[in-house]
Amino acid sequence: MRDLVDAIRPLLGSVMSEIGVQESDWNNLLAGSTDSTFADVALPCHSLSKVLRKAPNTIADEILENLGSTTEGICQVSSINGFLNFSADPNWLCEILQESLIDDRLRVLTEEPRVIVIDYSSPNVAKHMHVGHLRSTVIGDALNRMLSHKGHRVVPENHIGDWGTPFGMLIEHLIDLGLDSEAQHIDLSTFYSDARAKFDADSDFASRSRARVVRMQSSEPETIELWQMLVDRSLIHFNEVYQRMGILLSNNDLAGESKYESALPRVVEKLAEVGLLEESDGAKVVYLDGWKNREGEPLPLIIQKADGGYNYATSDLACILDRIENVGSRDFLYVVGAEQAQHFAMVFEVARNAGFMDEGVNAIHVPFGLVMGTDGKKLASRTGGAVHLNDLLIEAVERADAIVAEKSPNLSKDERAEVSKMLGIGAIKYADLSTDRNNNYTFEWEKMLSFDGNTAPYLQYAHARICSIFSKDEIDRDLIRDSEIILTHEREIALARALIRFPESLDSACSSHSPHKLATQLHNIAQAFGSFYEVCTVLNAENSTKLSRLALCDLTARTLQTGLDLLGIDSPHRM
RNA sequence: GGGCGUGUAGCAUAGCCUGGAUAAUGCACUGGCCUCCUAAGCCAGGGACCGCGGGUUCGAAUCCUGCCGCGCCCGCCA
């Protein structure tokens, strides 16, 4: 209820100064009510007792009296138990909704544009994407959409794992499989684990692999060609998954480790220049204040290994330099699992100490909790427990299809396929985006593929029902935007209250990088609509009421559709 | 041992940043609602020492502190 607070604040300001309360004493007290049955906005007056030496009740009464009729047309005010309660006036709600109705942006303001790099998805070459990649991909994509909508230029970066020691064995394995085979025929589901198994069992293969790493790092053309074949094969797979999921990432956004390979020596040089680099057991490292290992000894960030190879941290530092020098960004979001919190904290600290980033650069790790197996442990591809992402997506669409076939037998085959995809993929994404990303969650098919309750299909259903109203009467939705909104029924008012909170929920979701704050509000709107729809007839209503309700429906549908779109979820017109 | 995160009805979660009133939502459970715009829905109901103990405060799920449980991380993997 940001708008109502803004409307009340100046009125309250003059009263407060009249009765002798300084702004600093009440400014933070005025806020949304904890319980909407009491009010929309409340001012608890208890803490003012100290200043005014009066009972909270008396103070609230006094303020109420002094406000007089100034709040007329904005809200109703009452005083209970030392609380001053403000309930939005339906006429005021109408004014706000009327603004939204004619606004393509639904009152969502744009911010001072920034260039924001978002690092997300990051699958590994030569491996299938699995459920572990789901969160980064879905959350990162939602942040991409939300921040773009707020007016920023988002630069997505997909840091695929395409370089490093494992590629020696992967390339040798590729050679063993026969070079004549087409890249498309490489089976990613077993490729990596087969190579790994051979590496562990066959010492000859292992030494060939190590030699191959050296040839790769020296950019030997033949080796690079084989490497490229693995990358290309993997990209076909990644893009298939992205397309199926409706993820915005494309090959233009690739920023694999290989991209920074040539920049790594420069990182070492620059760190040495500023005197941060030290040697420890043959490795080049940076020590940071306050970081200790298990034995209580100083814990360094390793920049260059004893064997001369580089680390993850080094390419992250190279990447930071690149973003500042070439991308021209000062805002970096890393949508990466919470288990890497320490890594990023150390990398950022080194980058600051070394002068790579000044104080004005916002490098933010946006962590998310782990996907757990039913055994209560992290779900990892290594242990073989991880479900392939593609399989999960296909299963989701199939299950959705079975339900659509049952509930909407009238849809054509093509339309049904389209709708099933929107519902199935939407359900998967929403399951991830509707809760606080910091929480771990246990992977369970049933839960992730539920279509009842607080799920994407519930929101999509509300949207589809509205579209159905419009198609029933062949109403031009553009013309509806000139209609006057009149709120009389309590459920119309409740819906209005939910709708006007949309912009602030998006802002809150953006500033905290928490898509669930938007998802929660969209669910509130869909619920309010469900209640409204049940008792407020639209098409059979008397003329001005009908037009008003059609406008309310149009606004609800556009809000749901826009909000879902910002989460990366489609809104079918029929389902 | 240290660090980060987390603990809210049987289950899954929101609320915690920025303290406020009777702790909100979904699943599951009980009962009701399709001759009327999509019942994937709506209405009503039961179900909570908000992990435990201290502290701050007129007031704590929320802030501080100490425990406990769970998860993750803690030098050459990414």
Side-chain angles (χ1 to χ4, degrees), chain A residues 28-29 31 33-39 42-47 49-50 56 80-83 85 122 124 159 161 163-166 257 280-285 290-297 299-307 309-313 315-316 336-343 345 367 369-370 372 376-378 403-404 406-408 423 434-436 438-442 444 446-447 450-455 457-458 460-462 464-473 512 516-517 519-520 523-524 527 530-531 533-541 549 553 574-575:
Chain A
N28 293 329
L29 295 176
S33 173
T34 45
D35 191 332
S36 58
T37 57
F38 292 122
L43 179 81
C45 301
H46 312 80
S47 62
S49 305
K50 265 185 248 165
I80 306 151
N81 296 332
F83 289 91
N85 285 332
S122 312
N124 291 314
H159 286 235
W163 204 253
T165 45
E257 321 254 271
S280 170
D281 297 331
K284 288 177 180 159
V285 305
W291 295 99
K292 298 252 171 28
N293 69 12
R294 213 183 300 263
E295 283 74 41
E297 295 153 359
L299 174 72
L301 187 69
I302 296 174
I303 304 298
Q304 190 169 19
K305 298 188 280 185
D307 68 5
Y310 298 100
N311 255 346
Y312 182 37
S315 35
D316 272 340
V336 180
E339 70 271 22
Q340 292 191 36
Q342 176 172 314
H343 164 78
L370 269 43
M372 317 286 277
K377 298 285 178 195
K378 178 182 173 181
I403 294 174
V404 175
E406 180 202 325
K407 309 238 181 199
S408 307
L423 299 194
S434 59
T435 64
D436 188 329
N438 288 309
N439 294 330
N440 289 348
Y441 69 72
T442 303
E444 285 167 273
E446 297 309 322
K447 207 188 119 192
S450 166
F451 298 142
D452 296 323
N454 186 6
T455 62
Y458 177 82
Q460 291 166 321
Y461 184 60
R465 285 168 122 185
I466 296 170
C467 293
S468 170
I469 291 175
F470 284 105
S471 64
K472 204 116 219 154
D473 238 21
S512 60
H516 83 278
K517 295 191 176 184
T520 301
H523 182 244
N524 290 340
Q527 275 186 316
S531 294
Y533 181 85
E534 210 67 28
V535 295
C536 296
T537 184
V538 178
L539 294 178
N540 294 329
R549 287 181 179 171
C553 285
R574 292 208 288 168
M575 61 185 272

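Nucleic acid contact class of A:Ala306 (heavy atoms, under 4.0 Å, all strands): base. Among the atoms of the strands shown, only primed sugar atoms or phosphate atoms (P, OP1, OP2) are found under 4.0 Å from some heavy atom of A:Asn440. Residue-level contact check: A:Thr537 touches the bases, meaning some heavy atom is under 4.0 Å from a base atom. At the heavy-atom level, A:Ala42 lies under 4.0 Å from base atoms of the strands shown. At a threshold of 4.0 angstrom between heavy atoms, the contacts of A:Asn81 with the nucleic acid are absent. Within the nucleic acid shown, A:Gly530 comes within 4.0 Å of sugar-phosphate atoms alone, with no base atom in reach, counting heavy atoms only. At the heavy-atom level, A:Met372 lies under 4.0 Å from the strands shown only through sugar-phosphate atoms. Looking at heavy-atom distances under 4.0 Å, A:Ile403 makes contact with a base. Among the atoms of the strands shown, base atoms are found under 4.0 Å from some heavy atom of A:Thr34. Nucleic acid contact for A:Thr455: none, since no nucleic acid atom lies under 4.0 Å from a heavy atom of the residue. Among the atoms of the strands shown, base atoms are found under 4.0 Å from some heavy atom of A:Leu539. As judged by a 4.0 angstrom heavy-atom cut-off over every strand, A:Val404 is placed among the base-contacting residues. Within 4.0 Å of A:Phe83, counting heavy atoms only, lies at least one base atom of the nucleic acid. Within the 4.0 angstrom heavy-atom criterion, only backbone atoms of the sugar-phosphate kind lie near A:Asn439; the bases stay farther away.
Taking the O4'-C1'-N9-C4 or O4'-C1'-N1-C2 dihedral as appropriate, B:C73 has a value more than 90° from 0 and is therefore anti.
Side-chain N/O atoms of A:Ser512 include none lying less than 4.0 angstrom from OP1 or OP2 on B:C17. Taking side-chain N and O atoms only, A:Gln527 has no distance below 4.0 Å to OP1 or OP2 of B:G41. For B:U57, the OP1/OP2 oxygens have no side-chain nitrogen or oxygen of A:Lys50 closer than 4.0 Å. In this structure, A:Lys292 does not reach the B:G2 phosphate: none of its side-chain N or O atoms is under 4.0 Å from OP1 or OP2. Note on A:Arg465: a side-chain N or O is less than 4.0 Å away from OP1 or OP2 of B:A39. In terms of phosphate contacts, A:Lys447 brings no side-chain nitrogen or oxygen within less than 4.0 Å of OP1 or OP2 of B:G26. OP1 or OP2 of B:G15 has at least one side-chain nitrogen or oxygen of A:His516 nearer than 4.0 Å.
Distances from the side chain of A:Tyr458 to the nucleotides B:C58, B:G41, B:U13 place B:G41 closest. Relative to the side chain of A:Asn438, the nucleotides B:U6, B:G20, B:U38 differ in distance, and B:U6 lies closest. The side chain of A:Ser280 sits closest to B:G75 out of B:A40, B:G20, B:G75. You'll find that the side chain of A:Asn540 is closest to B:C36, out of B:G26, B:C36, B:U13. Among B:U13, B:C37, B:G26, the nucleotide with an atom closest to any side-chain atom of A:Tyr441 is B:U13. Side-chain proximity of A:Ser33 to B:A21, B:C37, B:G75: nearest is B:A21. Listed nucleotides: B:G20, B:C74, B:U38. Nearest to the side chain of A:Arg294: B:C74. The side chain of A:Lys472 has B:C37 as its nearest neighbour among B:C72, B:G26, B:C37.
Evaluation of atom-type donor-acceptor distances gives a pair under 3.5 Å for the side chain of A:Asn85 against the base of B:A21.
B:G66: Watson-Crick or G-U partner is B:C52, with both key distances under 3.5 Å. Under the Watson-Crick or G-U wobble criterion, with both distances below 3.5 Å, B:A21 is left unpaired in every strand shown. The pairing partner recorded for B:G41 is B:C33, the criterion being a Watson-Crick or G-U wobble arrangement whose two distances lie under 3.5 angstrom. When both pairing distances are held under 3.5 Å, B:G1 makes a Watson-Crick or G-U pair with B:C74. Shown here, B:G10 forms a base pair with B:C27; the pair counts as Watson-Crick or G-U wobble because both key distances fall under 3.5 Å.
Looking only at distances, a side-chain donor or acceptor of A:Asp35 sits under 3.5 Å from a matching main-chain atom of A:Thr37. Remark: side-chain polar atoms of A:His523 are not paired, donor with acceptor, to backbone N or O of A:Gly453 under 3.5 angstrom. When atom types are taken as modelled, the side chain of A:Ser468 and the backbone of A:Ala464 share no donor-acceptor pair closer than 3.5 angstrom. Although no hydrogens or angles enter the test, the distance criterion places a donor-acceptor pair under 3.5 Å between the side chain of A:Asn293 and the main chain of A:Glu295.
The gap from the P atom of B:C43 to that of B:G5 amounts to 38 Å, rounded to the nearest Å. Taking the P atom of each, B:G19 and B:G2 are spaced 31 Å apart, rounded to whole Å. Taking atom P on both nucleotides, B:U30 is separated from B:G46 by 16 Å, rounded to a whole Å.
Heavy atoms only, all atoms of each residue included: A:Thr537 and A:Arg549 are closest at O-NH1, 2.8 Å. Contact between A:Ala42 and A:Asn85 at its shortest, heavy atoms only, is CB-OD1, 3.6 Å. Across A:Ile303 and A:Tyr310, no two heavy atoms sit closer than the pair O-CD2, 3.7 Å. Taking both residues in full, the closest heavy atoms of A:His159 and A:Ser122 are given as O-CB, 3.3 Å, listed atom of the first, atom of the second, then distance. Taking both residues in full, the closest heavy atoms of A:His46 and A:Asn81 are given as NE2-O, 3.2 Å, listed atom of the first, atom of the second, then distance. When all heavy atoms of A:Asn124 and A:Gly161 are compared, the pair lying nearest together is OD1-CA, 3.6 Å.
Between A:Gly453 and A:Leu29, the residue anchored closer to the 5' end of RNA chain B is A:Leu29, taking for each the nucleotide with the nearest heavy atom. Residues A:Glu257 and A:Ile80 both approach RNA chain B. Their nearest nucleotides, taken by heavy-atom distance, put A:Ile80 toward the 5′ side.
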Can you build the contact string for nucleotides 30-35 of chain B? Use B for base contact, S for sugar-phosphate-only contact, and - for no protein heavy atom under 4.0 Å. ------
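Between A:Gln340 atom CD and B:G75 atom C1' the separation is 16 Å, expressed in whole Å. In this structure, CG of A:Asn28 is placed 20 Å from P of B:G59, rounded to the nearest angstrom. Taking atom CD of residue A:Glu444 and atom C1' of nucleotide B:C27, one finds them 12 Å apart after rounding to whole Å. The NZ-C1' distance, from A:Lys305 to B:A78, rounds to 10 Å in whole Å. Between A:Asp436 atom CG and B:A61 atom P there is a gap of 20 Å when expressed in whole angstrom units. Protein atom CE of A:Met575 is 9 Å distant from nucleotide atom P of B:A40, rounded to whole Å.
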Checking A:Arg574 against A:Ser408 for the side-chain contact (heavy atoms from CB on, under 4.5 Å) test, could you report, in this order, the C-alpha distance in whole Å, the side-chain angles of both residues, the deciding distance, and whether it holds? CA-CA 9 Å; A:Arg574 292 208 288 168; A:Ser408 307; over 6 Å; no
Stepwise side-chain contact (heavy atoms from CB on, under 4.5 Å) check, A:Lys407 with A:Tyr461: CA-CA 12 Å; A:Lys407 309 238 181 199; A:Tyr461 184 60; over 6 Å; no
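For B:G41, the base is not stacked against the aromatic ring of A:Tyr461, per a cut-off of 5.5 Å between centres and 30° between planes. Evaluation of A:Phe38 against the base of B:A21 yields a stacking contact (centre distance < 5.5 Å, interplanar angle < 30°).
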